[in-house]
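Following: one structure in structure tokens, then a few remarks.
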Amino acid sequence: MNRLFAAAIIFVPVLIFAQVGDKYKLTSEKLDKQGNSLDEEILNLNKKIAAVIKKYNLLKTKDIRILPYQTTYNLGDNYIEIEKHLFTKDKLYGRKITGIKKKRIKIYTNGETISKIESLIFEKNFDSGEINEVFITDPSPGTVSTDDIIFTHKYLGKTIVNGKRLGDVKNTTANPVRNEIKQTFLVPHLNIFYNSLLFIASSYYKSLKDSDLYMSEFLKKSTRY
């Protein structure tokens, strides 16, 4: 009887450990699967951005005039930069401007493919002078892996996170931070700027088409007199 009881004491912890181990393995595999799926989504968005640049020949188009609200657009020899900004106002009175929020993306391209993407998320409070900013660099946006994306976070002039790779960010079952950054920031961030770029490009070519149509109508009317 004592031997049986002793065997049971040994067997039960082993069984529990095995169950916990299997559960952890399954959860970990689920996290990896989710992360890989998000990597594919990020790659797809990068490809869509590259496709818009190529289709509309944006690297050679220098007279962009129509932009979304509170958006700036800069063109360089090998990059396209878009910045969106929002002024924050006093919550009590609603008129006084208290700060600014900016997000920027700089797309390095040869006109057909993308070689690098740099982003900045920036907030400044005008009253306190408080500045909070994160710099993000994706050195290989054409590959499916996002592990090499680099983050640098500065707050009040002090560096909190210094050149940390996304692949080194914690991604445990209790704190799946890496997947959360992909899902709640990278995907929406790229999607916002993809839509902005598409709007800018399509608006530009629509304005050209409308101009041609206006000229055509004017010339047609001239034949009546």
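If you read the sequence from its start, that first residue is 1, and numbering goes on from there. We use all heavy atoms of the structure for the numbers below, so side chains are in, but hydrogens, waters and symmetry mates are not.
- With a 4.5 Å cut-off on side-chain heavy atoms, F135 and K154 count as touching.
- Minimum interatomic distance between E41 and V187 (heavy atoms only, all atoms of both residues): OE2-CG1, 3.4 Å.
- In the displayed structure, K84 atom NZ is contacted under 6.0 Å by more than 12 heavy atoms of other residues, nucleotides or ligands.
- T98 and D90 get closest at one heavy-atom pair: CG2-N, 3.6 Å.
- Using modelled atom types, one finds a donor on one side chain and an acceptor on the other under 3.5 Å when comparing N74 with E81.
- Taking the side chain as every heavy atom from C-beta outward, T152 and T137 never approach each other to under 4.5 Å.
- Considering all non-hydrogen atoms of both residues, Y56 and L198 come closest at CE1-CD1, 4.3 Å.
- Looking only at atom types and distance, the side chain of D39 has a donor-acceptor partner in the side chain of T146 under 3.5 Å away.
- Legend: residues meeting salt bridge (charged side-chain N to carboxylate O under 4.0 Å, His left out) with D77, ordered by chain and number and at least two apart, are absent.
- The local environment of NZ in K106 is crowded, with over 12 non-hydrogen atoms from other residues, nucleotides or ligands closer than 6.0 Å.
- A donor-acceptor pair is defined here as one N or O able to donate and one able to accept, closer than 3.5 Å; such a pair exists between the side chain of T88 and the backbone of G99.
- There is a path of hydrophobic side-chain contacts, each under 4.5 Å, that joins Y205 to Y194.
- Between L186 and I149, the closest side-chain pair of non-hydrogen atoms falls below 4.5 Å.
- Scanning both residues, P176 and T173, for their nearest heavy atoms gives CD-O, 4.0 Å.
- Hydrophobic clustering (ILVMFWY, side-chain heavy atoms < 4.5 Å, transitive): I121 and I107 are in one cluster.
- The two residues N179 and L38 come nearest to each other via the heavy atoms O-CD1, 3.6 Å.
- Legend: residues meeting salt bridge (charged side-chain N to carboxylate O under 4.0 Å, His left out) with D147, ordered by chain and number and at least two apart, are absent.
- K48 NZ to K55 NZ: the interatomic distance, rounded to the nearest 0.5 Å, is 12.5 Å.
- By the 4.5 Å heavy-atom criterion applied to side chains, L58 and I200 are not counted as neighbours.
- More than 12 heavy atoms of other residues, nucleotides or ligands sit less than 6.0 Å from atom NZ of K102.
- There is no path of hydrophobic side-chain contacts, each under 4.5 Å, that joins Y108 to I49.
- Hydrophobic clustering keeps L156 apart from I131 (ILVMFWY residues linked when any side-chain heavy atoms are closer than 4.5 Å, directly or through intermediates).
- When all heavy atoms of A50 and T113 are compared, the pair lying nearest together is CB-CA, 4.5 Å.
- No chain of hydrophobic side-chain contacts below 4.5 Å, direct or via other Ile, Leu, Val, Met, Phe, Trp or Tyr residues, connects Y79 to F193.
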